[in-house]
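Beneath this line is the structure, given in structure tokens, with notes to follow.
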Number of protein chains: 2
Amino acid sequence: MFSLKSKLSEKGLKITPQRLSILDAIYNINHPTADDIIKHIRQKHSNIAIGTVYKVLETFVQKGLIKRITTEKDVIRYDGLLRHHHHLYSTDTVLIKDYIDEELDKILVGYFKKKQIHGFEIEELTLQIKGKFNN
Amino acid sequence: MFSLKSKLSEKGLKITPQRLSILDAIYNINHPTADDIIKHIRQKHSNIAIGTVYKVLETFVQKGLIKRITTEKDVIRYDGLLRHHHHLYSTDTVLIKDYIDEELDKILVGYFKKKQIHGFEIEELTLQIKGKFNN
DNA sequence: TCCTAAATGAGAATAATTCTTATCAAAGAT
DNA sequence: ATCTTTGATAAGAATTATTCTCATTTAGGA
């Protein structure tokens with residue numbers, strides 16, 4: 001089962017219309033902000049409280065259903081792609097794209113297996129690839 | 001000349017006490033927020049307007065004197081280290097440390113010289129290394 | 001020293017996020 | 001199917017971060 005409902009229940013979360021529509025929004029918007037999600041939900045039909053969206057997003061992050069994306073801005077973006085991946089950041093727009101590259105992952109993991117960082121235990125390696133999208 | 005004043009004048013910026021103390025703060029605080037900088041300046045002696053700090057920071061970023069750091073939080077942090085480097089992020093605290101590794105840089109550049117990303121022109125590669133600092 | 005464009009201060013305005021509390025609803029127990 | 005309880009949501013206030021506005025000041029070249 002890959003339904004939205006099963007994703008919630010797998011994490012021991014109650015299934016509510018709000019949570020389902022937030023999860024749906026995350027899967028249908030590219031790295032959305034909380035505001036993107038609110039607008040997306042309100043567009044179609046239902047209303048939702050702003051505080052609920054923030055609270056649910058935090059819950060999802062805690063439960064590992066989604067991740068926060070790092071940006072240089074003062075607004076938090078979320079990512080529903082759980083498979084390990086990197087990000088392409090546009091240097092002139094806000095566009096961010098997922099970048100999956102297992103070969104790169106192997107190289108990075110291999111490199112840091114040999115080369116320890118003194119006083120630091122690595123848990124995750126994410127490459128930020130900044131540049132320009134051609135069209 | 002590596003004085004703070006020369007850093008400003010090299011970029012064609014007027015030398016003001018506010019700019020000097022902001023630059024000084026950036027070099028003396030580890031990846032500060034605007035608020036960290038304000039507190040640092042007010043601690044010692046001089047007062048400074050909050051708006052001025054934000055404005056000057058933006059100017060510095062535009063001129064390439066400092067950089068914004070990417071984080072998962074909704075607060076912007078700055079970095080005065082201009083040499084290309086990566087970052088170590090603590091997964092349980094807000095600590096961020098610079099990580100310089102030219103060997104890694106060569107591997108990454110070499111990798112993406114061979115492996116193009118379709119529709120994307122790379123300008124900068126920054127690795128986010130998340131994990132735990134041992135004390 | 002004077003002049004002018006640029007910088008700053010002060011506070012209002014905006015934006016993003018969190019908090020509070022009353023009401024509501026999911027889902028397990030009956 | 002209904003009840004009950006615990007957790008979820010709505011609404012709006014509060015907080016925090018950042019930006020904007022505009023009057024005043026100042027750096028630095030003329």
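Naming convention: chains lettered A, B, ... in sequence-line order (proteins, then strands); numbering from 1 in each chain.
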## Note on the structure
Quick tally for nucleotides 13-30 of chain D: nucleotides whose base has a protein heavy atom under 4.0 Å get B, sugar-phosphate-only ones S, the rest -, giving ----SBBB------BS--
### Task
Taking atom NZ of B:K113 as the centre, report whether more than 12 heavy atoms of other residues, nucleotides or ligands fall under 6.0 Å from it.
no
For a quick check under 3.5 Å, do [X] and [Y] share a side-chain donor-acceptor pair by atom type?
{"X": "B:N28", "Y": "B:H40", "answer": "no"}
{"X": "A:E123", "Y": "B:T91", "answer": "yes"}
{"X": "B:T33", "Y": "B:D35", "answer": "no"}
{"X": "B:H118", "Y": "A:N134", "answer": "no"}

### side-chain hydrogen bond (donor to acceptor under 3.5 Å, both in side chains) between A:D79 and A:H85, worked out
CA-CA 11 Å; A:D79 195 339; A:H85 66 282; 2.8 Å; yes
### Task
Please name the pair of heavy atoms, one in B:I22 and one in B:F60, separated by the smallest distance, quoted to 0.1 Å.
CG2-CE1, 4.0 Å
### Query
Parallel, tilted or perpendicular: which describes the rings of A:H86 and A:Y99, with under 30° parallel and over 60° perpendicular?
tilted
### Task
To the nearest Å, give me how far apart CD (A:Q18) and C1' (D:dG7) are.
13 Å
### Task
Figure out the CD1/P separation between A:I41 and D:dT9, and round it to whole Å.
11 Å
#### Entry: Leading and trailing nucleotides of DNA chain C with any atom under 4.0 Å from heavy atoms of chain B
C:dA5 to C:dT17
### Message
Below the 4.0 Å mark, does D:dA11 have OP1 or OP2 next to a side-chain nitrogen or oxygen of A:N47?
### Response
yes
